[in-house]
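To start, the structure under review is shown below, and the notes come after it.
Bear in mind that the values here come from a model prediction, so they are computed numbers and not experimental data. All residue numbers in this chain count up from 1 along the given sequence.
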Amino acid sequence: MISADQASADAPDVAPAIQSYTDVHNFDQLCVLAKALSKKPVAPTPPLPEPLASWNYDDYIKTSFKSQRATWFNQQLPFWLETFHRGFVQVDFVDLFTLIPASDGAPVCQRIKFSKRDFNYAPPLDAASIPDAGHAGVKIVGRFPGQTDAEEVLSFLGSSYFRARSADCVYGASVRGLAINIAMNQAEEFPDFRAFWIRMPSRDDDELTVLAHMDSASVSGAYQFRLKPGNEITRVHVDAKLYFRSDPEKLGIAPITSMWMWGDGLKRPPKDARPSVHDSDGLLVRSAKQRWTWRAFARQSYPSVTSIGVDQLLGFGMIQRDREFLHYDDHNARYDKRPSVWVTPDQPWSGGNIELLELPGAHEGVDNLGAYWVPDKIPGPEDVVSLGYTIDFFAGDPSEHNVLAKAIELSVDRSKVAPSVEVKVRFAGPALRVLPESSPPRIQSELVRGSMSEPVLTRSESGDWTVTAKVTPSEEAPVELKWQLFSGTEPVSENFQYLLPPTEPEFVYPAVYTRQE
């Protein structure tokens with residue numbers, strides 16, 4: 001992040017006649033336009049007309065894009081573009097443009113026009129009664145390396161949400177461009193991506209560049225996304241400049257959104273046989289001094305906000321660590337194939353913290369988790385925030401987390417004498433396997449709002465170590481539990497953290513889970 005003076009000194013030398021979306025041909029010009037628009041009130045989005053405003057979910061899924069109508073379809077290019085229809089909760093209107101290379105240098109900015117002929121409308125929808133309401137978003141279709149069939153790789157739909165996947169994953173957790181006043185005692189402000197420009201690739205390109213304009217009451221922003229699909233890792237690099245109309249009370253940088261209903265630490269609802277239901281099972285944070293911190297998700301019966309202070313943030317993400325199919329037993333949702341999402345700043349971020357928002361959540365179709373970087377310094381109208389970071393979508397843990405032991409299993413047993421709760425955490429990793437059974441690691445514990453018995457350490461034949469302790473809450477509030485394993489003064493495990501509910505949380509599940517009204 002840089003100050004307004006620094007941003008001004010580094011401002012690109014571009015022609016001043018950038019007054020509308022059709023004048024944008026590159027990221028520098030988009031920055032000029034975003035800055036100019038920040039001096040004006042935000043423009044309202046066109047209202048969603050009927051009957052689209054009255055559609056329910058079943059109506060909306062009866063619309064589907066015709067692939068043969070896609071932009072760049074059958075042009076022997078590595079990517080093509082399909083669009084999303086407006087309707088139901090997809091109320092946003094977005095302008096879509098392509099940037100087509102030209103021989104004279106500047107690419108041609110060409111609008112992607114909305115047409116009902118691009119969509120299938122399944123009965124009882126009647127295309128004749130549906131207005132030309134415009135696009136709600138855009139999806140990128142391409143071929144993963146070595147693959148012959150094209151697949152959806154990246155999509156932008158709703159507010160500033162987007163999500164991507166690697167070839168060995170399905171869609172899961174998503175990312176937002178920005179969060180404003182999130183997890184506060186007031187309405188959250190949701191900035192929207194109002195327009196996208198997609199640069200036409202050449203036949204041998206393995207990357208695609210997307211520009212986007214963000215707009216809301218507080219901010220006008222310019223974003224550039226560089227997408228590189230991969231079989232094991234799909235990477236999206238983000239460059240952004242944010243120009244503020246007013247002072248937000250809180251910024252959430254690179255926010256990740258996910259879902260956790262039940263799994264390790266929380267029993268499943270009645271009559272649902274699936275052991276776990278979640279897109280991610282923990283928040284992982286890498287910092288300069290604390291190294292690696294793993295915060296297993298816990299679903300309270302009320303909203304919960306926790307913070308992890310970091311000296312210098314090297315990376316953070318929502319991780320789907322558990323990849324065993326039988327731990328989910330769901331052939332349709334395939335939670336075992338949901339991607340982990342990992343954010344790496346171009347330069348370490350300092351002067352802030354990682355915040356985790358956990359909501360009760362109504363059902364698995366609703367995201368109830370959010371994680372984001374909160375800077376201590378809040379920008380004002382004279383400030384410019386400049387961001388650069390990479391988002392990776394892949395299976396499991398980031399490759400650089402390969403030495404310290406990981407918390408691979410959590411068990412919470414409430415059948416003991418109340419109010420005590422037996423907690424077990426199994427740690428596994430190279431740093432532990434080299435320790436002989438005669439030299440067990442030392443456990444460093446920290447508890448808030450509770451006490452615990454002397455922890456017991458047991459070693460498995462494979463060299464994993466399990467920590468077991470009885471935790472007794474001291475208040476009618478969750479116990480903050482932190483465990484980390486050391487050999488001498490050196491850590492041999494990540495720092496495990498967990499917000500342990502004092503009693504089993506109670507939820508009113510919909511009939512789809514309980515098979516009851």
Side-chain angles (χ1 to χ4, degrees), residues 1-43 45 92-99 106-107 109 111 137-138 140 154 156 159-162 175-180 189-199 207-227 236-246 248 251-255 343 345-347 349 373 375 379-391:
M1 301 181 190
I2 58 178
S3 70
D5 290 341
Q6 290 171 309
S8 177
D10 297 336
D13 182 17
V14 295
I18 309 297
Q19 301 177 0
S20 69
Y21 285 161
T22 55
D23 296 326
V24 172
H25 301 90
N26 55 50
F27 181 60
D28 288 343
Q29 292 177 337
L30 178 56
C31 291
V32 172
L33 180 63
K35 182 177 181 180
L37 292 176
S38 72
K39 308 301 181 183
K40 305 175 182 178
V42 61
T45 187
D92 295 337
F93 173 92
V94 300
D95 282 303
L96 299 178
F97 304 90
T98 57
L99 298 175
C109 181
R111 185 184 297 273
V138 62
I140 312 298
L154 171 68
F156 295 88
S159 187
S160 65
Y161 285 91
F162 60 98
V175 189
R176 282 197 272 168
L178 191 68
I180 296 180
E189 179 179 324
F190 286 86
D192 298 326
F193 284 139
R194 295 291 188 89
F196 295 93
W197 298 257
I198 302 95
R199 189 172 300 158
E207 295 188 8
L208 186 72
T209 298
V210 179
L211 308 180
H213 175 234
M214 172 183 284
D215 216 13
S216 74
S218 298
V219 68
S220 173
Y223 279 74
Q224 177 174 262
F225 303 92
R226 297 200 305 271
L227 164 70
V236 179
H237 186 271
V238 181
D239 289 296
K241 284 190 181 295
L242 306 176
Y243 306 89
F244 288 86
R245 294 186 172 96
S246 60
L251 280 187
I253 304 295
V343 174
D346 289 353
Q347 299 294 328
W349 292 340
W373 168 253
E382 300 303 319
D383 295 326
V384 178
V385 172
S386 182
L387 298 170
Y389 55 94
T390 297
I391 310 170

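- Residues forming a side-chain hydrogen bond (donor to acceptor under 3.5 Å, both in side chains) with His213 (at least two apart in sequence, or on another chain): Tyr21, Ser220.
- The side-chain hydrogen bond (donor to acceptor under 3.5 Å, both in side chains) check on Tyr161 picks up nothing, with sequence neighbours excluded.
- In this view, Phe93 satisfies the ring pair (Phe, Tyr, Trp, His ring centres under 6.0 Å) rule with no residue, not counting sequence neighbours.
- Every salt bridge (charged side-chain N to carboxylate O under 4.0 Å, His left out) that Arg245 has, sequence neighbours left out, goes to Asp215.
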**Request:** Give the C-alpha distance, both sets of side-chain angles, the deciding distance and a yes or no for ring pair (Phe, Tyr, Trp, His ring centres under 6.0 Å) between Phe156 and Phe225.
**Result:** CA-CA 11 Å; Phe156 295 88; Phe225 303 92; 5.1 Å; yes

**Request:** May I have the step-by-step check of side chain to side chain contact (heavy atoms under 4.5 Å, CB included) for Thr22 and Trp197, ending in yes or no?
**Result:** CA-CA 10 Å; Thr22 55; Trp197 298 257; over 6 Å; no

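- Here the straight-line distance linking atom CG of Asp28 with atom CG of Leu33 works out to 13.0 Å at 0.5 Å rounding.
- For Tyr243, there are no ring pair (Phe, Tyr, Trp, His ring centres under 6.0 Å) partners, not counting sequence neighbours.
- With sequence neighbours excluded, the residues satisfying side-chain contact (heavy atoms from CB on, under 4.5 Å) with Pro345 are Trp349.
- Two residues are said to be in side-chain contact when any heavy atoms from C-beta on lie closer than 4.5 Å; Leu227 and Val210 fail this criterion.
- The side-chain hydrogen bond (donor to acceptor under 3.5 Å, both in side chains) check on Asp95 picks up Arg111, with sequence neighbours excluded.
- In this view, Ser216 and Glu189 satisfy the side-chain hydrogen bond (donor to acceptor under 3.5 Å, both in side chains) rule, not counting sequence neighbours.
- For an aromatic pair to be called close, the ring centres must be under 6.0 Å apart, and Phe97 with Phe196 fails this.
- The residues Arg194 and Asp92 are annotated as not salt-bridged, no charged nitrogen and carboxylate oxygen being separated by less than 4.0 angstrom.
- Under the side-chain contact (heavy atoms from CB on, under 4.5 Å) criterion, Val175 pairs with Phe162, Val341, Ile391, Phe393, sequence neighbours left out.
- Sequence neighbours left out, not one pair with a member in residues 18-27 passes salt bridge (charged side-chain N to carboxylate O under 4.0 Å, His left out).
- Here the side chain of Ser218 pairs no donor or acceptor atom with the backbone of Ile180 at under 3.5 angstrom.
- Here the CD1 atom belonging to Ile198 is positioned 8.5 Å from the CG atom belonging to Leu211, to the nearest 0.5 angstrom.
- Separating the CZ atom in Phe27 from the CG atom in Asp239 is a distance of 5.5 Å, to the nearest 0.5 Å.
- Under the side-chain contact (heavy atoms from CB on, under 4.5 Å) criterion, His25 pairs with Gln29, Pro107, Cys109, sequence neighbours left out.
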